[in-house]
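See structure below.
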Amino acid sequence: TNQIQVVGLNAAGTTILTIGTNTAYTANATWRHLLASWNLATAAAHLYITDVEDLAAAPTLTDDSIDYTVADWATGAQANGGTKYNGCLAECYLALEYIDLSVTANRRKFITAGGKPAFIGVNGILPTGTASIIYSHLGLEIAASTFGTNFGSGGNFTITGTLDLGSTSPSD
C-alpha cells in the first residue's frame with residue numbers, strides 16, 4: 001500500500017510494535033526525511049515525514065521489550081527480501097532511547113528548519129549523547145555497496161541485491 005512501517009517483535013516473535021504512515025509514498029524525485037520514536041511502556045509513538053506528523057491511527061504499542069538481539073534485521077525491505085522499498089535511502093539511524101518528536105527542538109537534532117538532514121556525528125552520537133546502534137550512511141563514501149557499513153555500535157549489514165547511488169542527495 002506504499003505506507004512506511006516500523007515493526008518490532010519480542011523474544012517470542014510476537015509483534016509488539018507497529019507504527020506506520022497515513023500517507024502512501026510512491027517513487028518520485030522528492031527527498032523525504034523520516035523520524036520515528038516510540039516508548040512501549042507509556043504507549044507513546046511519533047512518526048514524522050519531512051517534519052510533519054504522519055502517524056496512522058491505532059498503532060500497536062504493547063508494553064513489552066523488543067528483542068534487539070535477533071540476527072535478521074532489515075532496512076528498505078523485510079528480512080526475507082520481500083516488500084522492497086522503491087526509493088533512495090541516505091542515512092539509517094537507530095538508538096534505543098525515546099525522543100519526544102512532538103517537540104520541535106528534538107526534531108531539529110535530526111532535520112533542519114530548512115528540511116535538510118542535520119549533522120548527527122560520525123557515529124550518530126550527537127542527538128542523545130549516546131552512540132547509536134545503527135548509523136549507516138554514505139557520507140564521504142563513493143560506492144553504494146558500502147551502505148551496509150554500520151558506524152553505530154552494532155554490526156554491519158549484508159546488502160542483498162544491487163544498490164545504485166541516487167542522482168541527488170538530501171543535502172543538495
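These values consider heavy atoms only, across backbone and side chains, with no hydrogens, waters or symmetry-generated copies. Here the structure is a predicted model, which is why all the values come from computation and not from measurement. Counting from 1, the numbers follow the sequence of the chain as shown.
Nearest heavy atom pair, residue L35 against residue I111, reads CD1-CG2, 4.3 Å. Of all non-hydrogen atoms in L126 and G121, the two that sit nearest each other are CD1-N, 3.4 Å.
In this structure, N39 contributes its side chain and A44 its backbone to no donor-acceptor pair below 3.5 Å. Of the possible polar contacts, one joining the S37 side chain to the I99 backbone as a donor-acceptor pair under 3.5 Å is found.
If you check the side chains of T128 and E97, you find a donor sitting under 3.5 Å from an acceptor. Using a 3.5 Å distance cut-off with no hydrogens or angles, the side chains of T23 and D54 do pair a donor with an acceptor. Using modelled atom types and a 3.5 Å distance limit, the side chains of N106 and D100 yield no donor-acceptor pair. For the residue pair D51 / H33, no side-chain donor-acceptor distance below 3.5 Å is found, with atom types taken as modelled.
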Q: Please step through side chain to side chain contact (heavy atoms under 4.5 Å, CB included) for the pair L17 and T62, ending with a clear verdict.
A: CA-CA 7 Å; L17 167 72; T62 305; over 6 Å; no

Q: Apply the test side chain to side chain contact (heavy atoms under 4.5 Å, CB included) to residues L96 and I133: give CA-CA distance (whole Å), side-chain angles for both, the deciding distance (0.1 Å), then the verdict.
A: CA-CA 8 Å; L96 300 184; I133 291 176; 3.1 Å; yes

Q: Would you sort out whether Y98 and H46 count as a side chain to side chain contact (heavy atoms under 4.5 Å, CB included), showing the intermediate values?
A: CA-CA 10 Å; Y98 171 73; H46 304 281; 2.9 Å; yes

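Distance CD/E53 to CG/L101: 8.0 Å, rounded to 0.5 Å. To the nearest 0.5 Å, atom CG of residue N22 and atom CD1 of residue I4 are 11.5 Å apart. The CZ atom of F110 lies 11.5 Å from the CG atom of L34; values are rounded to the nearest 0.5 Å.
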